[in-house]
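The structure displayed is predicted, hence computed values, not measured ones.
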Amino acid sequence: MLIAKLEHFGIRGQLLQWISDFLTDRKFRVRVGDTLSETHNVYSGVPQGSVLGPILFGIFITDLKSVVKSYLSIFADDTKIMGNPLISHNIIQQDLDRIGQWTQDWLMSLNAAKCTVLHIGSNNPKMCYKIGSVSLKPVNSQKDLGVTITHNLKWDVHITNITKRTNSMLYVVRKAFNIITKDLFIKIYKTYIRPLLEYAFQIWNPYFKKDIEMLEKVQRRATKMVASLRHKTYEERLSELKLSTLEQRRQRGDLIETYKILSEHYNVKNIENMFIMNPNPKLRVEMGCTR
């Protein structure tokens, strides 16, 4: 089936034969200690850990978009469909039926028990949806590519989760090192700590003071790990370590992302729906000065 889809997308000749040879006549066996099982044939799937594997998987499921009428988002094997239940409840359920049928037609198993539905908004009727005979479990929050989305679209749950995770990492660092110098701290902090606090912040950038302060407390606590700076103020520690506050870094990141969007670095449609543009062509204001 995969070979047929590759040929449909224009991959033919020797390249198609190479891929076919890569996928067919594969065998496997299981090793436990020094004991090996009998050899068995592999009749489907792509080799895990290979560079070509994820590409082939993406090609195999790309026609799923043509089956679904609702908004569809696919990243690797993570697929989401979204729609307004007030006007398209039947369409959402029909799309789930189509996805279930697609997986059967293309011999891909779908674990419906692991699928969930997130009802967003206070006026959501919270309809019941099914995949086959299995009702989808309703949840109040769902982690989507590392970001926790909640039913009310607030970010307190996500921020709480990442601060707990980061504090746990700080605890491990404290236990691992008796003395932490400035240079060692910078390497550890920028490699293992700060990325946890900033991952995908363009999505969840907080606007409540309590959330902003919860994140900043992590960096404030972390900078005290440097013994020579422990008794200085937070601002002094940041100056010594040449670090900015997390809030300043998020503002800078938002400005960079805005510039990229407006400069068409991304293929973004309907930019006017994202920003309210200033109609005044003279954006530089001339200021007079009197003595």
Side-chain angles (χ1 to χ4, degrees), residues 1-30 37-85 87-120 126-139 141-149 200 266-267 269:
M1 291 180 171
L2 176 58
I3 297 302
K5 287 192 176 185
L6 291 172
E7 189 172 8
H8 173 76
F9 285 117
I11 300 176
R12 300 184 176 90
Q14 191 175 27
L15 178 58
L16 183 63
Q17 187 60 50
W18 285 346
I19 297 175
S20 178
D21 292 341
F22 174 66
L23 296 174
T24 56
D25 295 329
R26 290 185 292 116
K27 302 179 185 297
F28 80 96
R29 54 181 178 175
V30 178
S37 70
E38 296 180 359
T39 301
H40 296 273
N41 293 319
V42 179
Y43 295 106
S44 64
V46 295
Q48 293 189 13
S50 64
V51 176
L52 196 57
I55 298 174
L56 295 176
F57 179 81
I59 293 174
F60 190 80
I61 67 172
T62 190
D63 62 311
L64 185 60
K65 297 179 180 179
S66 63
V67 174
V68 176
K69 294 183 179 179
S70 302
Y71 178 82
L72 182 77
S73 176
I74 299 177
F75 184 85
D77 61 345
D78 188 353
T79 301
K80 297 170 288 295
I81 63 171
M82 289 156 273
N84 187 341
I87 59 177
S88 60
H89 166 254
N90 291 332
I91 296 177
I92 295 174
Q93 182 56 60
Q94 290 170 7
D95 285 338
L96 292 173
D97 295 338
R98 294 186 188 101
I99 291 175
Q101 185 61 50
W102 183 91
T103 59
Q104 293 180 23
D105 294 341
W106 293 99
L107 305 180
M108 294 192 71
S109 60
L110 177 64
N111 191 344
K114 290 186 177 180
C115 299
T116 60
V117 55
L118 180 64
H119 301 292
I120 297 177
K126 298 182 179 180
M127 301 291 189
C128 178
Y129 299 98
K130 294 184 176 181
I131 295 180
S133 60
V134 179
S135 296
L136 299 186
K137 178 184 177 182
V139 294
S141 64
Q142 179 67 49
K143 182 174 285 189
D144 181 19
L145 302 180
V147 178
T148 302
I149 311 295
Y266 304 135
N267 184 21
K269 298 180 180 179

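- Residues Trp102 and Val67 share a closest heavy-atom pair of CD1-CG2, 3.7 Å.
- Note that CG of Leu118 is 10.0 Å distant from NZ of Lys126, once rounded to the nearest 0.5 Å.
- A donor-acceptor distance shorter than 3.5 angstrom exists from the side chain of Ser37 to the backbone of Val30, with no hydrogens or angles considered.
- Other residues, nucleotides and ligands contribute more than 12 heavy atoms inside 6.0 Å of the CZ atom of Phe28.
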The test is side chain to side chain contact (heavy atoms under 4.5 Å, CB included); show your working for Trp106 and Asp63 and say whether it passes.
CA-CA 11 Å; Trp106 293 99; Asp63 62 311; 3.9 Å; yes
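- For Phe9, the CZ atom counts as densely surrounded, since its 6.0 Å shell holds more than 12 non-hydrogen atoms of other residues, nucleotides or ligands.
- Distance alone, capped at 3.5 Å, places no donor-acceptor pair between the Asp95 side chain and the Val68 backbone.
- With contacts defined as side-chain heavy-atom distances shorter than 4.5 Å, the pair Leu96/Ile81 qualifies.
- There is a side-chain donor-acceptor pair under 3.5 Å between Gln93 and Asp97.
- Rounding to the nearest 0.5 Å places CE of Met108 at 9.5 Å from OG of Ser44.
- Closest approach of Leu110 and Ile131 over heavy atoms only: CD2-CG2, 3.9 Å.
- Minimum heavy-atom separation, Ala113 to Val134: N-CG1, 4.4 Å.
- Other residues, nucleotides and ligands contribute at most 12 non-hydrogen atoms within 6.0 Å of the CG atom of Asp25.
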Start with the C-alpha gap between Leu145 and Asp78, add the side-chain angles, then the distance that decides, and say whether side chain to side chain contact (heavy atoms under 4.5 Å, CB included) holds.
CA-CA 8 Å; Leu145 302 180; Asp78 188 353; 3.9 Å; yes
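- Nearest heavy-atom pair across Arg26 and Gly45 is NH2-O, 2.8 Å.
- The CG atom of Leu6 lies 4.5 Å from the CG atom of Leu2; values are rounded to the nearest 0.5 Å.
- Rounded to the nearest 0.5 angstrom, Ile61 CD1 and Thr103 OG1 are separated by 12.0 Å.
- Within 6.0 Å of OH on Tyr266 lie more than 12 heavy atoms contributed by other residues, nucleotides or ligands.
- Between Lys5 and Ile59 the shortest heavy-atom distance is CD-O, 4.3 Å.
- Residues Asn90 and Gln94 have side chains that never bring a donor and an acceptor to within less than 3.5 angstrom of each other.
- In this structure, Gln104 CD and Leu107 CG are separated by 10.0 Å, a value rounded to the nearest 0.5 Å.
- In this structure the side chain of Thr62 never reaches within 4.5 angstrom of the side chain of Ile74, judged on heavy atoms.
- Rounded to the nearest 0.5 angstrom, Gln14 CD and Asp21 CG are separated by 10.0 Å.
- The two residues Glu38 and His40 have their closest heavy-atom pair at O-CD2, 3.1 Å.
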